[in-house]
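Working notes for the structure below.
Numbering starts at 1 and runs along the sequence shown. Order of appearance sets the numbers: ligands from 1, and atoms from 1 within every ligand.
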Amino acid sequence: LRTKYLSRIVDASDEAALEDVRLAAIGKKGEVALAMRELGRMTPERRQTEGPRLNALKDEITSAIAARRAAFEDAALEERLRSEWLDVTLPGRRRGTAPGSVHPVSQVWEEATAIFADMGFGVAEGPQVESDWYNFDALNIPDHHPARGEMDTFYMHRADGDARPPHVLRTHTSPVQIHAMQQQGAPLRIICPGRVYRADYDQTHTPMFHQVEGLALDRHISMANLKWVLEEFFTAYFCTRVKTRFRASHFPFTEPSAEVDIQCRWDGGTVKVGEGDDWLEVLGSGMVHPSVLTAGGIDPDAWQGFAFGMGIDRIAMLKYGIPDLRAFFDSDLRWLRHYGFAP
Ligand code: PHE
């Protein structure tokens, strides 16, 4: 019995075969178990020698099986180690895409925010989908006012019978003035950078572009404060002293209104800001109209202030000498690399 099973254990080629041997030997109906059942019919003297012998045999078979099973497990582990190895010293594989970088418009957005922050302006934001009240009415542009027509506005579709007020993609960041007044009251000193939308497309216009609005409200804010803030801004932004020129203009939401030009030199296609005696228009501005203050919940007899709105993409084009606005939004890596915006 002993030699038979010990050799069958050694011969077992896998775990299943080994289990068969175990059942045949020491399972409930195995040969050793059957032999043990015989003990009862033996004389006490024989039982005393046969009993321990069978127990010892059972133990020996049990540990032989355990040893064989351990050998199988070792072999399986060896096999895994052999087949699943990994050479951690291999050089890494390059990812398919180049590392990311900050888009020039985002760079200018952040830089403008930082310069105005140094002058005490906080940042306010508003929704890109606006009710026409915020985008127009609250800014003193009533229904049928010609300014509505001039804005090339994208209107949100309304199903027949939908009675909610009309909404638009905001055509400028000026509606954020109203949100900020309603939420923060006066005094107030904020800028509102953001995306704006107009149905327009050529070398200097894209249907989505970026503006930064400025708004300062206090008891005695004047156009002189506006001029100082803007000259400080442009001087910091272009890293050179920049003069501004105010030209009388008209916006429904400011009175008086001015378009602001910055000093530059035009020579054969390139623009150099801060020198020469040409002028380039960069923003609209003025003293906030009393009706706008009222719409924002602010008493026009107690508070006054200036507002301006400037194109972020526009000043980015000027700083980096980019002639075509549309390239900003083409996601062309070659273009980004050419201007040093991507590695
Ligand atoms: N909202 C105006 C525009 O988009 C700019 C502007 C802002 C003018 C604030 C005056 C005051 O053109």
Task: Salt-bridge present (Asp278, Arg245; N to O < 4.0 Å) - done: no
TODO: Look at Arg247 together with Asp261 and state whether they make a salt bridge at an N to O cut-off of under 4.0 Å.
DONE: yes
Task: Nearest option to atom 9 (C) of ligand 1, as decided by whichever heavy atom of His172, His250, Met310, Glu213 sits closest - done: Glu213
Open item on the list: Tell me whether Arg22 is salt-bridged to Glu15, with the criterion being a basic N under 4.0 Å from an acidic carboxylate O.
Closed with: no
Task: contact_flag Arg198 ligand 1 heavy-atom lt 4.0 Å - done: yes
TODO: Of the side chain and backbone of Ser174, name the one, both, or neither that has a heavy atom under 4.0 Å from an atom of ligand 1.
DONE: side chain
Task: Phe329 and His103 aromatic ring geometry - parallel, tilted or perpendicular at 30°/60° bounds - done: parallel
Open item on the list: Once you restrict to heavy atoms under 4.0 Å, what part of Phe308 touches ligand 1? Side chain, backbone, both or neither.
Closed with: backbone
Task: Cation-pi geometry met for Arg326 and Tyr201 (6.0 Å, 45°) - done: yes
Task: Residues Glu60, Arg2: salt bridge by 4.0 Å N-O rule - done: yes
Open item on the list: Students should be able to answer this: which protein heavy-atom is nearest to atom 5 (C) of ligand 1, and at what distance?
Closed with: Gly309 CA, 3.9 Å
Open item on the list: Considering non-hydrogen atoms of the protein only, which is the closest contact for atom 2 (C) of ligand 1, and what is the distance?
Closed with: Phe253 CZ, 3.7 Å
TODO: Check whether any N or O atom of Gln211, backbone or side chain, sits under 3.5 Å from an N or O atom of ligand 1, and answer yes or no.
DONE: yes
